[in-house]
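Written out below as structure tokens is the structure these notes cover.
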Protein chains: 2
Amino acid sequence: MAHFTHHSEENYLKALYKLSYSTVKKVNNTALSQLIGHNPATVLEMVRKLVGKNLVTTLPNKSLKLTPSGEKKALLIIRKHRLWEVFLTEKLNYSWNEVHVLAEQLEHIESNDLVDRLEKYLGFPAVDPHGDTIPDKKGKLKVQESIPLENAVAGKNYRILNLADTNDVFLQYLEKLNIRPGKKIKLVSRNQYDNSVMIMLLKKIIPLSEKVTKNILVEPA
Amino acid sequence: MAHFTHHSEENYLKALYKLSYSTVKKVNNTALSQLIGHNPATVLEMVRKLVGKNLVTTLPNKSLKLTPSGEKKALLIIRKHRLWEVFLTEKLNYSWNEVHVLAEQLEHIESNDLVDRLEKYLGFPAVDPHGDTIPDKKGKLKVQESIPLENAVAGKNYRILNLADTNDVFLQYLEKLNIRPGKKIKLVSRNQYDNSVMIMLLKKIIPLSEKVTKNILVEPA
DNA sequence: AAAAATAATTTGGGAAACCAAATAAAAATA
DNA sequence: TATTTTTATTTGGTTTCCCAAATTATTTTT
């Protein structure tokens, strides 16, 4: 039986992925045990199973690493998690700090097609409510370099990277507002009615229309 | 740990609920084993556990019955199942005959709040895509008085409520004819020879065999 | 009622995920 | 380097949900 094996297995993969990008000096059995809150013996057992499935490798110094296929699996789970989080906040009005627990359950629903449809339904969001980028259906995570300000998250800080429209009027308009690549801003709020936003730049609040936010590329800062 | 115990348990409750409203003469261990596809020994074990939790009782003649609290639990699972089915068809464009498998997974997500919000988001639908009524958040199911189209009266208007056969071929046949729960039809005439009927749907006359009319449930409209 | 058929129950296992406690190995420190 | 501390591994459990095969009711049929 397929059972809910995958449930546990997926949690291990996700944890290993997290650790690999965390500040933990060494991703070993102890670190993994602590993160997922299971006994080291249990963790060892599971890791061996994952090694057997070619999802994880243990380096000579005993630190753990996802194989390419393991990493892909992890990213596909993270994709599900983040898309469900978007759904919960955007459609069901959950606040962004209460969605995590629910998404932990939803991420284990077995159907890639379902998540692909969900993504489409949500309008292909670039980031989840926490501002983390969402891997694509192949498990590729775009390096977070640039997202349109349109898809940015209220309350977060950003650095302006690029302007996607070379129209002169547009550029001069931004210039007057002191908006240009390199500047640091905070997305204060978004108006659901017309998708305009308020940003804060150098202590000043500035309103920007949807058309403008579509053409300002930023990165989290 | 709470684990996924509930997952299996919930399936048993749901199965018992289904059986109690089916045409099965006696809801006993054998019937339950066959419906859920598990070994009789396994089923006996689970039933005993459920009896211990006061969710099921065994009558002196060994037939099984849900207690009030067991039935409520069952109905709350069915509520989740049906609301998720509505979501999948209405929002993610699944066709109504492919949502069942996915809803089987989604119905086990633990959060009543989530389903309540989902219900609100979907506009408090009365029925799922198959035409089955959705229990309310207290586990109450409104009774719908439906009659098979077979027994309907020529010349009267009806609304299709439900389809009594889940056979795929049957469902696809109806799908092609645009016949599904919610549609309004008129019974134009009945052929005494073979008990076939003519119905009118959207100005078009459609013939239906006796076998088909036995499995289409309608209410006067 | 006796035989046959059917249903319920018991018995002995199995796999998956867990754990605590003991031991072995490795790393850090004195 | 010797000692201590930390980490990895082994060993011997546990629980949950599942199975097949044997046994014991219980019903049905003859």
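In what follows, chains carry the letters A, B, and so on, assigned in the order in which the sequence lines appear, proteins first and then strands, with residues in each chain numbered from 1.
Between B/Asn93 and A/Lys120 there is no side-chain heavy-atom pair separated by less than 4.5 Å.
Mapping B/Glu45 and B/Pro40 onto DNA chain C by nearest heavy atom places B/Pro40 closer to the 5' end of the strand.
Between the CG atom of B/Leu50 and the P atom of D/dT16 there is a distance of 13 Å, rounded to whole Å. Between the P atom of D/dT26 and the CG atom of B/Asn61 lies a distance of 12 Å, rounded to the nearest Å. When rounded to the nearest whole Å, the span between NE2 of B/His6 and P of D/dC17 equals 11 Å. One can place CE of A/Met46 at 17 Å from P of C/dA15, the figure rounded to the nearest angstrom. Rounding to whole angstrom units, NE2 of residue A/His38 and C1' of C/dC18 are separated by 7 Å. If you measure from atom CD of A/Glu9 to atom P of C/dA17, you get 7 Å, rounded to the nearest angstrom.
Taking the six-membered ring where tryptophan is involved, the planes of B/Phe87 and A/Trp84 are tilted, since the angle between them lies from 30° to 60°.
Pair assignment for D/dC17: C/dG14, on the basis of Watson-Crick or G-U wobble contacts that are both within less than 3.5 Å. Shown here, C/dA30 forms a base pair with D/dT1; the pair counts as Watson-Crick or G-U wobble because both key distances fall under 3.5 Å.
Here C/dA8 is the nucleotide among D/dA8, C/dA8, D/dC17 with the atom lying nearest to any side-chain atom of B/Asn29. When distances are taken from the side chain of A/Asn28 to each of C/dT9, C/dC18, D/dA8, the shortest belongs to D/dA8.
Close to D/dT7, at under 4.0 Å from its OP1 or OP2, lies no side-chain N or O of A/Lys26. Taking side-chain N and O atoms only, A/Lys49 has a distance below 4.0 Å to OP1 or OP2 of C/dA17. Under 4.0 angstrom from either OP1 or OP2 of D/dC17 there lies no side-chain N or O belonging to B/Arg48. A close approach under 4.0 Å does not occur between any side-chain nitrogen or oxygen of A/Ser8 and OP1 or OP2 of C/dA16. Contact check, A/Thr30 against D/dT6: no side-chain N or O comes under 4.0 Å of OP1 or OP2.
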Full working for salt bridge (Lys or Arg N to Asp or Glu O under 4.0 Å) between B/Asp194 and B/Lys211 | CA-CA 10 Å; B/Asp194 64 356; B/Lys211 183 165 183 196; over 6 Å; no
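Figure legend: cation-pi geometry between B/Lys91 and B/Tyr121, with NZ or CZ positioned under 6.0 Å from the six-membered ring centre and within 45° of its axis. Judged by the 6.0 Å and 45° rule, A/Lys49 forms no cation-pi pair with A/Tyr12.
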Identify the pairs formed between an N or O of the protein and an N or O of nucleotides 20-23 of chain D at a distance under 3.5 Å, and give each distance.
{"unit_1": "D/dA20", "atom_1": "OP2", "unit_2": "B/Asn39", "atom_2": "ND2", "d": "3.1"}
{"unit_1": "D/dA20", "atom_1": "N7", "unit_2": "B/Asn39", "atom_2": "ND2", "d": "3.2"}

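No side-chain N or O of B/Tyr173 forms a donor-acceptor pair with one of B/Asn167 less than 3.5 Å apart.
The CD1 atom of B/Ile185 sits 11.0 Å away from the CZ atom of B/Arg159 when rounded to the nearest 0.5 Å.
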